[in-house]
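Inspection log for the structure reproduced underneath, given as structure tokens.
Quick note: numbers below take in every heavy atom, side chains included, and nothing from hydrogens, waters or symmetry partners.
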Amino acid sequence: MSGYYDYNPQSISIKGLDLDDNGVSEKILKYEAFVNEVLKSDLKTTLQHRDAIYDDISEYMKLQTTIERLITLDRSSVKSKIDVGCNFYMEAKVEDTSRLFVDIGMNLHVQMKRDEALHFIEKKVQHLTIKAEVLTDKCTDIKARIKLILEALAELQGLNLEPDAPQRSVFG
């Protein structure tokens, strides 16, 4: 199917579409395939990417809360239970909490002071939020394109997807 569909987020076209042609039902099937194979898979991928970003934001917010607690408790060492996998926990003791290792992306960890880490987390969350908003807009655009094509297909097939709204008389 690659090459047959020209998919551009700004315009959608299927090569050779002529509604006066006798093969309208074949072309309707091609549009349905385009919606199901291209647009819906793009939507699924975009939603998964956005959800991964929301998961990252959640992790950074948890880290921010932990750092703020360390600052308010003013402790130099902490005992904690760490999940080492499959809900198996081990007790851990952190001797010096003045410096932390923070994941800055691409699996790179940098040692930072608490206030540096809080500042970094604030900026990182802002950046991730903007990325999530862009992906949300992209999802909205894809959903609108799916709805537009499905409504056009319904019109071509003579279907009425939305019930007629009751109309009231203007004159009385």
Side-chain angles (χ1 to χ4, degrees), residues 1-68 82-88 101-110 112 117-170:
M1 295 229 116
S2 65
Y4 186 79
Y5 297 109
D6 289 332
Y7 176 61
N8 179 343
Q10 302 303 321
S11 66
I12 299 173
S13 65
I14 296 180
K15 293 179 183 175
L17 180 65
D18 182 11
L19 292 179
D20 296 332
D21 198 4
N22 289 334
V24 173
S25 62
E26 178 183 323
K27 291 173 184 166
I28 288 173
L29 290 174
K30 289 177 185 176
Y31 267 115
E32 288 174 348
F34 177 72
V35 166
N36 291 326
E37 295 172 9
V38 177
L39 292 178
K40 287 187 178 181
S41 69
D42 285 352
L43 179 62
K44 182 179 177 183
T45 303
T46 305
L47 286 171
Q48 288 172 343
H49 191 197
R50 187 190 65 180
D51 290 345
I53 289 174
Y54 281 140
D55 290 341
D56 289 345
I57 290 172
S58 174
E59 289 296 319
Y60 279 112
M61 297 302 287
K62 286 179 190 175
L63 180 59
Q64 181 180 14
T65 303
T66 302
I67 294 170
E68 289 170 349
I82 306 291
D83 184 2
V84 292
C86 298
N87 287 329
F88 183 73
F101 282 95
V102 179
D103 183 357
I104 61 168
M106 297 185 69
N107 208 18
L108 294 173
H109 296 79
V110 175
M112 299 180 187
L118 287 174
H119 181 71
F120 170 78
I121 291 168
E122 178 184 335
K123 296 293 183 185
K124 185 71 173 184
V125 167
Q126 287 175 357
H127 173 71
L128 290 173
T129 301
I130 291 169
K131 283 177 71 174
E133 289 171 357
V134 167
L135 289 173
T136 298
D137 291 343
K138 185 176 178 182
C139 288
T140 303
D141 183 51
I142 294 170
K143 286 178 183 178
R145 291 180 188 285
I146 290 171
K147 184 174 182 178
L148 178 70
I149 291 173
L150 292 178
E151 287 176 356
L153 290 174
E155 188 175 316
L156 286 174
Q157 294 172 336
L159 300 175
N160 188 8
L161 294 179
E162 296 181 21
D164 290 333
Q167 297 184 7
R168 59 185 184 143
S169 174
V170 177

Measuring only between side-chain heavy atoms, which start at C-beta, is Arg50 closer than 4.5 Å to Leu47? yes

Donor-acceptor pairs are to be reported for all side-chain atoms of residues 56-66 against protein atoms at under 3.5 Å, with residues two or more places apart or in another chain.
| from | atom 1 | to | atom 2 | distance (Å) |
| --- | --- | --- | --- | --- |
| Tyr60 | OH | Asp103 | O | 2.5 |
| Gln64 | NE2 | Glu68 | OE2 | 3.4 |
| Thr65 | OG1 | Met61 | O | 3.0 |
| Thr66 | OG1 | Lys62 | O | 3.0 |

Atom pair CE/NE2 of Met112 and His119 - distance to nearest 0.5 Å: 10.0 Å

Going from CG on Leu135 to CG on Asp141, what distance comes out if it is rounded to the nearest 0.5 angstrom? 12.5 Å

Report yes if the side chains of Glu155 and Glu151 come closer than 4.5 Å at any heavy-atom pair, otherwise no. no

Sorted by chain and residue number, the side-chain hydrogen bond (donor to acceptor under 3.5 Å, both in side chains) partners of Asn36 (sequence neighbours excluded) come out as Lys40

Of the non-hydrogen atoms in Ala117 and Ile67, which two are nearest, and what is the gap between them? CB-CD1, 3.7 Å

On a heavy-atom basis, which atom in Ile146 and which in Leu39 lie closest, and how many Å separate them? CG1-CB, 3.7 Å

Note: Ile53 and Leu128 closest approach over all heavy atoms is CG2-O, 3.4 Å

Ile121 CD1 to Ile104 CD1 distance, which is reported to the nearest 0.5 Å: 12.5 Å

Determine whether Lys30 and Phe34 make a side-chain contact, defined as any pair of heavy atoms from C-beta on separated by less than 4.5 Å. no

Interatomic distance, CG@Asp42 vs NZ@Lys143, rounded to 0.5 Å, equals 14.0 Å

Glu32 and its side chain to side chain contact (heavy atoms under 4.5 Å, CB included) partner, picked from Leu150, Leu153, Ile149: Leu153

